[in-house]
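Only this structure's heavy atoms are used, side chains among them; waters, hydrogens and symmetry mates stay out. Every number for a ligand or one of its atoms is a count from 1 in the order of the listing.
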Amino acid sequence: MTGEDGEYYGLRPNGSEFPIEMDLERLAFRDSLTGLGNRAFFDRELEDALEGPTTGPIHVLLLDLDDYEEVNDILGRQAGDALVIGASRRLLDRVAPNDTVARLGSDEFAVLLTGDMDADDVAARIVRALSAPFRLEGKEFQPSVSLGLATTGDQQLPASDLLRRAGIAIYVAKAAGKSRFVRFRPDMMSELVARNELESGLRYAVERREIVVHYQPIVSVEAGGATQVEALVRWRHAESLIPPLDFIAAAETSGLINAIGREILTLTCAQLHDWLAGDNLRSVAVNISAVQLREPNFARDVLHILASAGVDPSQLILEVTESAFPDPALRVIDQLSQLRSHGIRVSLDDFGTGYSSLGRLQELPVDIIKVDRSFVDGIRTGGETLPILNSVVELAHNLGLHVTAEGVETAAQALHLRRLGCDSMQGFYFGRPAAAEFLADVEWHATDAYQKLTPTPH
Ligand code: C2E
Ligand code: CA
Ligand code: CA
């Protein structure tokens, strides 16, 4: 209906009128779920701030909830909405009443701060607040957020540049690991270009047959020699052999790790088939990234690859790190349990780093714990008392788990670890990773090194 002033009015259920234009404005600039401003609102506020009288720097903070999609997938849309609403409330609590907070997209937020303030401090507080546990669907959930920060300096910047800089910073924050903020630096541009080149090269790594697997021996105390190897990936690219630490993270963020991981397992099964078939006490450990475990078809793919290659599931060990088990990781637990029911074993890699807790061991679907290298580094002479390592071994054994120590570089370390009760050992002392063609040498050398261990009194 049109009022006398020519404006459009709507009717409320109680009969009262309201000006439609106001509501259209609200619809155009508000996010209906959180009540925050939306992208159009943020863009307008940012333009206004940049064009207005300059009273100091202007800071743009872009935020992204790292687990939003996973929550939506696993716990459902309602839980995803609850996470977004909860995050928006926490965000509003951490800024001044006249600062601009907007929801730009599904799990993206932006904050505009103006004036002389410590924006790094605000960013750090926001990351802390948004990473505190939430209750979702009756379960405690530990969220994680990435934040990128960009500030106008002495020279004026158009809004699009400021947003692009904050976007680059958030990208770097995500690549650096979860729950952190990163302030934009100009050299990030060149890093980004290098990373993009790496990622686009990685895209073709499988089809160009550039994925290479090396094998490192693991000796068993019970067997008195090498009965296991760990498969470690390398990427043959631009005439060099790139180590996994230089490309696995990029493969994970781009999702390429799923295809690369299947290739690693396929190659490993093909190359080790005869060796494994030669003795059913032999086994191979393959590293699996947390991203792979979240793939709904992961367990099916693994079983399929084993069956096609004719490898017995009881000869495969999957090495996963504890970070693969976030709180609502039901799918991860289910997939691993399904694989274990086929005889595949699961090893908890890098145990003792990060937020490992002995208490969780009991509830995780694992068979083996792989004690991190940092524990072994502490052994110099073999005369040390290592109460933590001692209790880890004892507890693991009480839970019926097997203990492997990695990063063993000296005979003194090997002897000490054996005395502590470790079941298996791996490290440069027994042999470095090598290509499949050297497998027999690798195995022989490791067994020889093990058998030469002779305790010296101290
Ligand atoms: P990780 O699973 O903890 O693997 C052990 C790493 O320690 C390997 O490095 C190995 O070469 C190295 N190492 C073994 N013995 C010793 C020692 O005595 N001293 C020292 N200083 N280092 C030793 P690499 O091959 O560079 O692998 C690094 C990491 O990359 C692995 O750590 C694993 O997290 C990841 N990775 C390797 N292969 C794969 C893979 O196929 N898939 C996935 N998702 N990740 C992989
Ligand atoms: Ca490993
Ligand atoms: Ca490890």
Quick check: does [X] get an N/O under 3.5 Å from an N/O on ligand 1?
{"X": "V233", "value": "yes"}
{"X": "F428", "value": "yes"}
{"X": "Y429", "value": "no"}
{"X": "Q426", "value": "no"}

Suppose I only count heavy atoms of [X] and a 4.0 Å limit; which atoms of ligand 1 are within that range?
{"X": "S289", "result": "44 (N)"}
{"X": "E230", "result": "2 (O), 4 (O)"}
{"X": "R234", "result": "25 (O)"}
{"X": "P244", "result": "24 (P), 25 (O), 26 (O), 27 (O), 28 (C), 30 (O), 36 (N), 37 (C)"}
{"X": "E409", "result": "17 (C), 18 (O), 19 (N), 20 (C), 21 (N)"}
{"X": "L245", "result": "28 (C), 29 (C), 30 (O)"}

Heavy atom under 4.0 Å from ligand 1: found in [X]'s side chain, backbone, both, or neither?
{"X": "D350", "result": "side chain"}
{"X": "I264", "result": "side chain"}
{"X": "R432", "result": "neither"}
{"X": "D349", "result": "side chain"}
{"X": "P243", "result": "neither"}

Would a distance-only check, ignoring hydrogens and angles, find a side-chain to backbone donor-acceptor pair under 3.5 Å from R294 to V332? no

Check: Q216 main-chain N/O paired with Q426 side-chain donor or acceptor under 3.5 Å: no

Just by distance, with hydrogens left out, do [X] and [Y] show a side-chain donor and acceptor under 3.5 Å apart?
{"X": "S289", "Y": "E252", "result": "yes"}
{"X": "T34", "Y": "D31", "result": "yes"}
{"X": "S146", "Y": "D66", "result": "yes"}
{"X": "Y204", "Y": "R209", "result": "no"}

Within 45° cone of F428 ring axis and under 6.0 Å: R432 NZ or CZ: yes

Cation-pi check, R331 to F298: give yes when NZ or CZ is under 6.0 Å from the six-membered ring centre and within 45° of the ring axis, no otherwise.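 No; the conditions do not both hold, so R331 does not lie above the ring face of F298.
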
Just need the protein heavy atom nearest to [atom], so name the residue and atom and give the distance.
{"atom": "atom 46 (C) of ligand 1", "answer": "N287 CB, 3.7 Å"}
{"atom": "atom 31 (C) of ligand 1", "answer": "L232 CD2, 4.4 Å"}
{"atom": "atom 11 (O) of ligand 1", "answer": "P433 CG, 3.5 Å"}
{"atom": "atom 5 (C) of ligand 1", "answer": "E406 OE1, 3.9 Å"}
{"atom": "atom 15 (N) of ligand 1", "answer": "Q216 NE2, 2.9 Å"}

Would you please determine whether R373 falls within less than 4.0 Å of ligand 1 on a heavy-atom basis? yes

Closer than 4.0 angstrom: is that true for some heavy atom of E252 and an atom of ligand 1? no

Can a protein heavy atom be found under 4.0 Å away from atom 34 (O) of ligand 1?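 Under 4.0 Å from atom 34 (O) of ligand 1, zero protein heavy atoms found.
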
Please check atom 9 (O) of ligand 1 for a protein heavy-atom neighbour under 4.0 Å. no

Nearest-0.5 Å distance, OG1 of residue T404 to CD of residue E230: 9.5 Å

Salt-bridged, [X] to [Y], with N to O below 4.0 Å?
{"X": "R165", "Y": "D161", "value": "no"}
{"X": "R185", "Y": "E191", "value": "yes"}
{"X": "R103", "Y": "E108", "value": "no"}
{"X": "D448", "Y": "K452", "value": "yes"}

Which atom of E319 approaches the Ca ion (ligand 2) most closely (N/O/S): OE1

Which is the closest N/O/S atom of D349 when seen from the Ca ion (ligand 3)? OD1

Might you confirm whether atom CD of Q451 has over 12 heavy atoms from other residues, nucleotides or ligands at distances under 6.0 Å?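 Enclosed: over 12 neighbouring heavy atoms sit under 6.0 Å from CD of Q451.
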
Using a 6.0 Å cut-off, check whether atom NE2 of H397 has over 12 heavy atoms from anything other than its own residue.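 Above 12, so yes.
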
Under 3.0 Å: N/O/S of E230 next to the Ca ion (ligand 2): yes

Looking at the Ca ion (ligand 2), is one of the N, O or S atoms of N287 less than 3.0 Å from it?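 So N287 does bind the Ca ion (ligand 2) by this criterion.
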
If the test is side-chain contact (heavy atoms from CB on, under 4.5 Å), which one of V346, L339, L336 qualifies with P365?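 Going through V346, L339, L336 one by one, the side-chain contact (heavy atoms from CB on, under 4.5 Å) with P365 is satisfied by L336 alone.
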
Among I218, V286, L272, side-chain contact (heavy atoms from CB on, under 4.5 Å) partner for V229: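 With V229 as partner, I218, V286, L272 yield a single side-chain contact (heavy atoms from CB on, under 4.5 Å), made by L272.
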
I need the OE1(E406)-the Ca ion (ligand 3)-OD1(D350) angle, rounded to 10 degrees.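 The two atoms subtend 150° at the Ca ion (ligand 3).
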
